[in-house]
Amino acid sequence: MKIAPQQRIYVCFFLFAVSLGALLSRMPDLQVAMGVNKSELGLTLIGAAIGALISLTLSSPLIARLGARTTAFITVLGTSALLSLVPWIGAAPVVFCVLFLEGLLAGALEINLNVEIDRIEAQLGRGVMNRAHGFWSLGFFVTALVSSVVRQAGISMELHLAATFVTVLVIGIWAISGMRNAPARIALHEGKAPLVALPTWGLMPLCVIGIAAFLVEGAGIDWSAIYMSDVFSVEPFIGGLGLTLFTFCMALARLFVDPLVDRFGARAVATMLLVLSAIGICAVSGAPHPYVALAGFALMGAGCSAVYPLAVSAAAQRTDRAAYLNVAALGQMSFVVFFLAPPLLGFIAEHAGIRTSYLVCLPLIIYALFSAKALATRRAAGGGSAATARSVNG
């Protein structure tokens, strides 16, 4: 069956989220299997963040050399394979090492898929970046629903993740096999690209925007169920609705926001979404009733939905250096926060209360609102085609 180039990227985002979400949904089982406390579990999970940071810093030239298709094969299937090994290990130090390797591949996956979808946007002349990230959110939503059924049925963590890997392998081979490298945008920068991708001063506002979005996402995905249980002592079904509503609203917004970006511009859309995030954070932090908190989680999910993809598009379209370098540098600051947010917010929740831990996100959201001026007011004339592209050759 023939599918469009952007749809192959959608599948890759979806499969990565399904693989990662399957492991995250089994965190309580993994903690028991390794025999560690919450702090030790958090330190073990940081292995993925360290690997991602190194990969986002150093892997850009290798990705440019391998091309989108080969890199997708290695990273999409490789991350799923490594994650499926985790339940079989048992020893926390070895799990740390496996997650470190997974982080190396995840960082490269982040660069590759984002640069490729930006180039496809240039070909299409319309926005598809947010929809691509919408399939990442959709993957988390689907795997959250499936995992709840799997855990209720008493299926082991080992079998669960093994079945997930087999599914990803079959679908991934089908989707990636037909992938072709999209032509790079016109190169407007000069000089040899550096081997190490580091943020520049001009990129810092976009980094702030990305960090704010990922901090809200981490707070919603990792701590919503614990918040509902600790603050309101609700039944498991109601407690799980926080995560369900967060991921559903996040996926829904990402899947359908691109026409709004094309019409009103990235700056206006990002500002609106950041305001929604702030309202959601305040609602969760001060919620007097479980349903107020659930509404807050829904607003948080919708609010942080397209903010990071919009920052990625802006980074890829900068003219100071190669697109893959700017995307990698943005990913360093943002993607790692996704992994570091859970232990950071957990530390704050333990010492100052879980309501306070959500308020920590608020100052960064406000700062991101002031940084939104780094985003474009309108899509470039011609819909971002190669002839009018403002980004650079990777």
Side-chain angles (χ1 to χ4, degrees), residues 9 12-24 30 41-89 91-117 133 136 139 161 164-165 168-169 172 176 179 193-199 207 210-211 214 218 308 312 315 322-343 394:
I9 305 297
C12 290
F13 271 114
F14 181 84
L15 294 179
F16 179 45
V18 166
S19 299
L20 182 59
L23 179 65
L24 292 177
L30 182 63
L41 177 63
L43 290 174
T44 303
L45 298 178
I46 286 177
I50 297 173
L53 178 60
I54 294 173
S55 179
L56 287 164
T57 305
L58 301 175
S59 65
S60 296
L62 179 60
I63 294 169
R65 191 176 305 118
L66 291 176
R69 182 179 174 224
T70 301
T71 303
F73 263 123
I74 296 171
T75 57
V76 175
L77 303 184
T79 52
S80 184
L82 289 170
L83 291 169
S84 70
L85 290 177
V86 170
W88 301 88
I89 297 172
V94 183
V95 171
F96 177 93
C97 294
V98 173
L99 291 178
F100 172 79
L101 295 176
E102 188 273 338
L104 290 176
L105 295 181
L109 181 149
E110 173 81 0
I111 299 171
N112 182 51
L113 296 185
N114 280 310
V115 170
E116 191 67 10
I117 199 67
H133 283 259
W136 155 274
L161 268 74
T164 300
F165 170 63
V168 169
L169 183 66
I176 300 171
M179 188 180 293
L195 295 177
V196 178
L198 295 174
C207 291
I211 289 172
F214 265 131
Y308 178 67
V312 170
Y324 66 81
L325 288 172
N326 282 325
V327 170
L330 174 63
Q332 288 173 23
M333 305 294 290
S334 306
F335 197 68
V336 174
V337 170
F338 180 76
F339 292 101
L340 293 183

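Along the sequence shown, the residues carry numbers beginning at 1.
Annotation: the span from Leu77 atom CG to Leu82 atom CG amounts to 11.0 Å, rounded to 0.5 Å. Rounded to the nearest 0.5 angstrom, Leu85 CG and Leu101 CG are separated by 10.0 Å. If you take OG1 on Thr79 and CG on Leu20, they are separated by 8.5 Å, rounding to the nearest 0.5 Å. We find the OG-CD distance between Ser55 and Glu102 to be 10.5 Å, quoted to the nearest 0.5 Å. Between Thr44 atom OG1 and Leu30 atom CG the span is 8.0 Å, to the nearest 0.5 Å.
Nearest heavy atoms, Ala72 versus Ile176: O-CD1, 3.6 Å. For the pair Asn114 and Tyr308, the tightest heavy-atom approach, listed with the atom from each and the gap, is ND2-OH, 4.4 Å. Across every non-hydrogen atom of Ser60 and Leu325, the tightest pair is CB-CD2, 4.0 Å. Closest of all the heavy-atom pairs between Ala81 and Ser84 is O-OG, 2.6 Å. Considering every non-hydrogen atom in both Thr164 and Ala22, the closest pair reads OG1-CB, 3.9 Å.
Screening Thr75, Leu109, Leu105 against Phe16 for a side chain to side chain contact (heavy atoms under 4.5 Å, CB included) leaves a single residue, Leu109.
Residues Val312 and Leu330 meet the side-chain proximity criterion, which asks for heavy atoms closer than 4.5 Å. Here the side chains of Ile9 and Met179 are in contact, with some heavy-atom distance below 4.5 Å. Leu23 places a side-chain heavy atom less than 4.5 Å from the side chain of Leu99.
With sequence neighbours left out, Phe13 forms a ring pair (Phe, Tyr, Trp, His ring centres under 6.0 Å) with His133. Scanning for side chain to side chain donor-acceptor pair (under 3.5 Å) contacts around Ser19 gives Ser80, with sequence neighbours left out. Legend: residues meeting side-chain contact (heavy atoms from CB on, under 4.5 Å) with Ile54, ordered by chain and number and at least two apart, are Ile50, Leu58, Phe100, Leu104.
Using a distance-only test at 3.5 Å, with no hydrogens or angles considered, no donor-acceptor pair links the side chain of Asn112 to the main chain of Thr71.
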Given Trp136 and Phe14, is the side-chain contact (heavy atoms from CB on, under 4.5 Å) satisfied, shown in steps? CA-CA 5 Å; Trp136 155 274; Phe14 181 84; over 6 Å; no
